[in-house]
Amino acid sequence: MAGLVRVNTRIGEHHNEWLDKESERTGISKSGLIQLAIDSYKMQNEVIYTLDQMTKKIDNLGNLIEEKS
């Protein structure tokens, strides 16, 4: 596991209230919930990038097939 670093940030009261309730409900610390949210955001961005790259490759393949026809 990589080392941990401290990040100071401000969030809205409604986000903080939600974090408090969700932390209580799940038993996961607020920091843990924030890490999960960041992991989810990162994964979504990686999927979007991968899909974009796949789409470009499919388009290129389609162009090659058209050129050979």
Side-chain angles (χ1 to χ4, degrees):
M1 179 176 179
L4 299 176
V5 298
R6 179 173 296 278
V7 176
N8 294 316
T9 187
R10 294 181 182 268
I11 60 173
E13 287 181 11
H14 64 284
H15 288 122
N16 189 55
E17 290 170 4
W18 182 87
L19 281 170
D20 285 336
K21 290 176 186 173
E22 192 67 7
S23 178
E24 179 69 26
R25 185 183 73 80
T26 63
I28 301 171
S29 68
K30 287 167 64 171
S31 291
L33 291 171
I34 292 167
Q35 284 182 298
L36 289 171
I38 291 169
D39 284 342
S40 177
Y41 179 79
K42 182 177 178 267
M43 192 180 326
Q44 288 174 27
N45 279 314
E46 289 170 355
V47 167
I48 290 168
Y49 175 78
T50 301
L51 287 174
D52 182 56
Q53 295 302 306
M54 288 175 62
T55 300
K56 288 177 182 175
K57 289 181 187 292
I58 291 168
D59 288 344
N60 289 340
L61 182 59
N63 291 337
L64 287 173
I65 291 170
E66 286 179 10
E67 288 174 8
K68 290 188 177 192
S69 297

In the structure I gave you, are the side-chain heavy atoms of I28 and S23 within less than 4.5 Å of one another anywhere?
no
Please check if the number of heavy atoms outside E13 that lie under 6.0 Å from its CD is greater than 12.
no
Is any NZ, NE, NH1 or NH2 atom of the basic residue among E46 and K42 found under 4.0 Å from an Asp or Glu carboxylate oxygen of the other?
yes
Approximate separation, where rounding is to 0.5 Å, of I65 CD1 and K68 NZ:
9.0 Å
More than 12 non-hydrogen atoms from neighbouring residues, nucleotides or ligands closer than 6.0 Å to CD on E24, yes or no?
no
Look up atom CE in M43 and atom CD1 in I38, then write down how far apart they are to the nearest 0.5 Å.
13.0 Å
Are any of the side-chain heavy atoms of L64 and E67 separated by less than 4.5 Å?
yes
As an exercise, state the distance from CG of L51 to CD1 of I58, rounded to the nearest 0.5 Å.
9.0 Å
Side-chain touch K30/D20, heavy atoms, less than 4.5 angstrom:
yes
Output for pair (L61 CG, E66 CD), nearest 0.5 Å, gives 10.5 Å
Tell me whether S40 contacts the main-chain N or O of L36 through its side chain, where contact means a donor paired with an acceptor under 3.5 Å.
no
Please tell me if the side chains of I11 and I34 come closer than 4.5 Å, counting only heavy atoms from C-beta onward.
no
If I take atom CZ from residue R25 and atom CD from residue E22, how far apart are they, to the nearest 0.5 angstrom?
4.0 Å
